[in-house]
Amino acid sequence: MSNQNLLSLDLSDTQLMAIDNALTELELQLSGLASMEADKRKSLARMGGKSEAFCRQALNVLEQNPQVVPPSLKVAEARADLDAIDQLRPRLQRLQRLTERAQDSETMLGSDVMNCALQGYALLKVAGKNQGLEGLRKELGSRFAKGPRVPAEPSPPGTGHPVPHLAHDPA
């Protein structure tokens, strides 16, 4: 048995309070951010890397030639949106890096816990029989369905992720 310890993380109450306060402040300062339904997100025109250069150039040309631009086109609003993207993007990149590190840390911590729990469960199967722990071991084992492993169910609508089934004893 190997003792896995990918990450140790101990956040003090002071740190947690500071983090919560910082998140509250971020939420307050970014209260103008929007959210949308997945269907709407899919239906919108996207400005990717290549199209961004086109958009920037088109706005420059339109701003330099206002005589050809009807008032209904709202070039100034598009410029303000582009400026907001330029302001938001570096902050979003920092948040994404932080989120990725937090998710990786959560995965590592969870793996450490799962590894210990599975090793402990295996010990209970062997050593727990003579210690009056068989009932507790069976209760722990009920987390894993009995019988052969069954394939994942089809994805629930809109998720794109199959539903896994654990139909075996982990040890």
Side-chain angles (χ1 to χ4, degrees), residues 2 4-118 143-145 149-168 170:
S2 66
Q4 174 180 306
N5 186 21
L6 299 175
L7 178 66
S8 293
L9 183 65
D10 184 20
L11 298 171
S12 70
D13 290 342
T14 303
Q15 287 175 302
L16 291 172
M17 191 179 333
I19 291 165
D20 290 341
N21 289 339
L23 290 171
T24 298
E25 183 63 22
L26 273 174
E27 290 166 345
L28 178 67
Q29 295 302 320
L30 294 171
S31 62
L33 295 180
S35 63
M36 65 179 118
E37 302 274 335
D39 291 342
K40 183 172 183 175
R41 188 178 297 116
K42 288 178 185 177
S43 70
L44 292 177
R46 300 284 179 122
M47 183 178 74
K50 291 179 183 177
S51 58
E52 182 176 339
F54 162 79
C55 292
R56 287 181 184 279
Q57 186 175 9
L59 286 182
N60 288 338
V61 170
L62 293 170
E63 288 169 334
Q64 292 168 5
N65 297 284
Q67 72 279 7
V68 299
V69 180
S72 62
L73 192 52
K74 312 266 191 246
V75 174
E77 286 183 26
R79 172 58 68 186
D81 290 346
L82 189 57
D83 291 344
I85 288 171
D86 290 339
Q87 292 172 331
L88 185 60
R89 189 172 282 150
R91 282 104 188 147
L92 179 59
Q93 289 169 342
R94 288 178 66 190
L95 287 170
Q96 287 171 332
R97 283 192 304 269
L98 184 60
T99 299
E100 185 175 330
R101 287 177 48 214
Q103 289 170 333
D104 286 350
S105 295
E106 178 187 33
T107 298
M108 293 167 80
L109 291 165
S111 180
D112 286 349
V113 171
M114 187 68 175
N115 185 276
C116 180
L118 289 172
R143 183 242 187 258
F144 301 94
R149 188 174 193 71
V150 287
E153 291 179 9
S155 303
T159 66
H161 302 291
V163 178
H165 281 286
L166 291 176
H168 69 286

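The line from CD of Q87 to CG of L92 is 13.5 Å long, rounded to the nearest 0.5 Å. Considering OG1 of T14 and CD1 of I19, their distance stands at 10.5 Å, rounded to 0.5 Å. Atom CE in M114 sits 15.0 Å away from atom CG in L109 (nearest 0.5 Å). Atom CG of D20 and atom CD of Q15 lie 11.5 Å apart (nearest 0.5 Å). Taking SG of C55 as the start and CD1 of I85 as the end, the distance is 8.5 Å to the nearest 0.5 Å.
For residues 91-109, no pair satisfies side-chain hydrogen bond (donor to acceptor under 3.5 Å, both in side chains), with sequence neighbours left out. Note on residues 49-59: pairs passing side-chain hydrogen bond (donor to acceptor under 3.5 Å, both in side chains), not counting sequence neighbours, are E52-R56, E52-R89, R56-D86.
Within the 4.5 Å cutoff, the side chain of L95 has heavy atoms near those of the L26 side chain. R41 is listed as a side-chain neighbour of R46, based on a closest heavy-atom distance under 4.5 Å.
Of all non-hydrogen atoms in M108 and L6, the two that sit nearest each other are CE-O, 3.4 Å. Of all the heavy atoms in N5 and S8, the pair that sits closest is ND2-OG, 3.2 Å.
Between the side chain of E63 and the backbone N or O of V75 there is no donor-acceptor pair closer than 3.5 Å. Judged by distance alone, with hydrogens and angles left aside, the side-chain atoms of N21 form a donor-acceptor pair with the main-chain N or O of M17 at under 3.5 Å.
Applying the side chain to side chain donor-acceptor pair (under 3.5 Å) criterion to E77, with sequence neighbours excluded, gives no partner residue.
For D13, the CG atom counts as loosely surrounded, since its 6.0 Å shell holds 12 or fewer non-hydrogen atoms of other residues, nucleotides or ligands.
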